[in-house]
There are 2 protein chains.
Amino acid sequence: MSNATGGRRENGGKQTTMRDVAVAAGVGLGTVSRVFSNVGSVAPATREKIEAAARELNFRPSALGRDLKRRTTNNIGLIVTDISNNFYGEFAQGVLASAKEQGRHVILCASGEDPETEREYIDLLVEQRVDGIIAFPTGHNLDSWRSARDLGINIVFADRELPDLDIPSIVVDNEAGARRLTEYLLALGHSRIGYLGGPSELTSGGQREAGYRQAHLDVGVAVKEDLVVRTRFTRDTAYASALRLLENPVPPTALVATNNVLGEAALTAIRDRGLSVPDDISLVMFDDVPWANLVEPPITVVAQPAWQMGQSATRMVLAADGEKVQPQTVKTEMVLRRSARPLHSSAPA
Amino acid sequence: MSNATGGRRENGGKQTTMRDVAVAAGVGLGTVSRVFSNVGSVAPATREKIEAAARELNFRPSALGRDLKRRTTNNIGLIVTDISNNFYGEFAQGVLASAKEQGRHVILCASGEDPETEREYIDLLVEQRVDGIIAFPTGHNLDSWRSARDLGINIVFADRELPDLDIPSIVVDNEAGARRLTEYLLALGHSRIGYLGGPSELTSGGQREAGYRQAHLDVGVAVKEDLVVRTRFTRDTAYASALRLLENPVPPTALVATNNVLGEAALTAIRDRGLSVPDDISLVMFDDVPWANLVEPPITVVAQPAWQMGQSATRMVLAADGEKVQPQTVKTEMVLRRSARPLHSSAPA
DNA sequence: GTGAAAGCGCTAACAG
DNA sequence: CTGTTAGCGCTTTCAC
């Protein structure tokens with residue numbers, strides 16, 4: 001039975017089909033279908049015969065024929081930025097878990113934050129006739145999204161909202177999260193608080209920056225504009241931006257990073273400059289990634305419930321047709337650790 | 001054009017098909033197909049007419065019909081353990097990159113190391129008629145794998161080899177990696193070196209343990225059997241195992257962890273016991289995850305080229321039919337940092 | 001260069 | 001309960 005073609009069968013013959021099984025079992029095609037789709041009813045004896053024949057022929061029904069007929073695929077598309085980023089990984093685990101629960105498959109795509117790549121993936125998923133798409137959109141390709149939506153594909157955006165598109169999204173309470181982080185630093189006596197954030201066109205970017213500013217406003221401390229830096233989420237540019245922030249003539253005494261990539265860049269830059277957290281500079285960030293609690297000192301963060309968000313997004317995108325899907329905002333949780341201390345004190349916070 | 005059904009269109013009508021486009025453009029169905037599949041040739045004027053009609057109707061070809069006819073899906077399945085683990089995330093990025101290059105889609109599955117879940121996913125992927133499957137197998141479900149293979153699906157295993165299955169795999173040089181880590185510790189004067197590893201049924205587990213033992217053998221130091229602990233890769237059990245290792249009546253002076261989950265568990269356990277690295281205990285591990293270089297002291301690791309492995313695995317699984325696919329072993333790289341020091345010295349290594 | 005026709009593997013009526 | 005039939009949307013001969 002086994003040969004040495006390295007796991008590859010020539011498979012010259014056609015695959016076994018329901019028709020073959022029907023012939024082998026001496027029944028009609030429809031009856032075989034009824035057995036494998038668990039619909040209608042078949043006499044126990046017939047079912048037996050069919051199952052025996054199927055086993056004999058190593059028959060496995062093909063989703064291709066089924067899906068074409070049923071006009072639904074049970075597949076959903078998931079477009080993230082970078083699946084090696086723990087936040088997206090957790091989110092994806094949430095999606096996988098609830099997709100599996102509902103018998104759905106997940107086609108994974110990584111846009112790398114590149115609009116062109118995103119467009120290609122949208123087209124691809126449309127061609128595949130996925131039942132739905134969950135995406136962290138780049139903010140571009142509005143036409144593609146609209147077109148996919150009009151084709152009847154259910155779409156849910158995560159983390160970011162797109163204007164004029166009437167597509168529901170699931171986001172965290174960005175403003176509140178950033179505000180609490182900033183308030184905390186302000187309360188510790190800091191007044192030169194650096195902000196390392198993403199592009200403000202993105203919902204998360206804009207809202208987190210707004211929270212940062214609101215916190216300042218609330219206590220009447222002016223935002224130092226040269227301490228507000230927006231950057232793309234790649235390691236290199238983030239690192240360069242963090243460094244620039246630290247090289248300010250009058251450097252910040254505290255830093256808010258709005259996600260884990262930015263936080264990692266900030267921490268690395270701080271170390272490379274020979275500074276120490278929290279003695280020389282306090283650091284807080286978004287995302288409770290594993291390393292946040294492993295570094296010394298452990299980092300105070302605003303945690304996003306990534307897994308649950310993935311689960312909710314899946315439920316939203318799979319909601320019964322006709323059911324109205326409401327946008328959802330989820331709460332963040334602030335986890336106090338030891339990466340910030342009062343400005344004019346030698347004791348940790 | 002826009003309504004308020006939350007990104008969901010009733011889509012009562014059927015989708016636009018090639019036939020509709022053909023009618024609208026006043027040409028035959030076959031001609032439309034030729035335009036969209038870029039095969040044969042069509043008069044520029046005709047092509048123009050067709051493209052205009054397609055645009056007008058917002059037509060997108062369906063992969064369902066195409067795949068059914070062509071008997072190939074351009075999809076590949078990827079079964080990892082846990083996509084939120086950075087190692088699998090990097091691997092997946094590599095898979096996605098080269099899959100995209102070749103116009104393939106990736107169906108993602110996470111087995112959670114559970115054989116039953118794995119079996120369900122294999123069945124699912126077979127039904128979907130994926131062109132190939134890349135998997136980190138649990139080590140069970142040999143029948144399912146065999147059956148999938150016999151159905152003509154190309155399979156590539158990663159990280160682990162399964163006996164009697166004649167399925168090619170891509171693994172790192174586990175034995176050498178573990179041996180170097182252990183030799184390094186031995187050279188530093190350690191003789192009570194703890195081993196925190198995975199189940200030895202797994203290729204990686206068995207080989208890494210073998211490397212650990214070989215290093216001892218080479219210098220004539222006896223392995224302390226009560227310092228060898230095998231555990232499952234979940235956070236909780238790994239932590240418990242690490243703790244047990246540290247609570248040995250005569251505790252180890254150094255520790256080898258065979259992946260990042262185990263390394264994280266070890267580091268956490270060490271801290272929780274109030275010990276410090278490397279002064280109280282040296283720690284080295286597999287996987288150059290981001291946090292390895294972020295903690296203090298940074299951890300000495302054996303790095304696996306996860307991204308490239310994903311890329312290679314994809315090439316292997318997509319190799320031209322008839323081409324013989326060779327199993328592949330990839331080299332690891334040892335990255336020296338500061339988490340180990342000589343046993344009887346007060347200076348770091 | 002183009003149209004007509006025959007299926008790919010399956011489901012869903014519809015008779016019997 | 002079960003067999004027959006007509007497609008799902010597309011590709012692919014085969015004539016014209």
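Numbered from 1 within each chain, the chains take letters A, B, ... in sequence-line order. These numbers come from a predicted model, not from an experiment.
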Give a yes or no on whether a salt bridge exists between Asp143(A) and Arg146(A), defined as a side-chain N under 4.0 angstrom from a carboxylate O. yes

So which nucleotide from dC1(D), dT11(D), dG1(C) ends up closest to the side chain of Ala43(A)? dC1(D)

N/O donor-acceptor pair under 3.5 Å between Arg149(B) side chain and Leu165(B) backbone: yes

Roughly, in whole Å, what's the span from CG in Leu29(A) to P in dT4(D)? 10 Å

Rounded off to whole Å, could you give me the CD-to-P distance for the Glu127(A) and dG9(D) pair? 15 Å

For Ser144(A), is there any backbone N or O sitting under 3.5 Å from a side-chain donor or acceptor partner on Asn141(A)? no

dC10(C) OP1/OP2 closer than 4.0 Å to side-chain N/O of Ser33(A): no

For a quick check under 3.5 Å, do His140(A) and Glu118(A) share a side-chain donor-acceptor pair by atom type? no

Name the nucleic acid region contacted by Arg19(A), choosing base, sugar-phosphate or nothing; use a 4.0 angstrom heavy-atom cut-off, strictly under. nothing

Identify the heavy atoms of Ala97(B) and Trp307(B) that sit nearest to each other, and give their distance. CB-CZ2, 3.5 Å

Side-chain N or O of Arg70(B) closer than 4.0 Å to phosphate OP1/OP2 of dC8(C): no

Whole-Å distance between dC10(D) P and Asp20(B) CG? 9 Å

Do the side chain of Asp159(B) and the main chain of Val171(B) share a donor and acceptor less than 3.5 angstrom apart? no

For atom CZ of Arg34(B) and atom C1' of dT13(D), their distance in whole Å: 10 Å

Contact residues, residues 56-64 of chain A to DNA chain C [heavy atom, < 4.0 Å]: Phe59(A), Pro61(A), Ser62(A)

Do the ring centers of Phe136(A) and Tyr88(A) come within less than 6.0 Å of each other? yes

Can you tell me the distance, in whole Å, between the CG atom of Asp67(A) and the C1' atom of dC10(D)? 15 Å

What integer distance in Å separates Lys69(B):NZ from dC8(C):P? 7 Å

Atom-pair distance (CG on Asn74(A); P on dC10(C)), nearest Å: 16 Å

Mind checking if Gly65(B) touches a base, just sugar-phosphate, or nothing, with heavy atoms under 4.0 Å? base

Name the nucleic acid region contacted by Val27(A), choosing base, sugar-phosphate or nothing; use a 4.0 angstrom heavy-atom cut-off, strictly under. sugar-phosphate

Can you measure Leu68(B) atom CG to dT11(D) atom C1' for me and round it to whole angstrom units? 10 Å

Does dG1(C) have OP1 or OP2 sitting under 4.0 Å from an N or O in the side chain of Thr31(B)? no

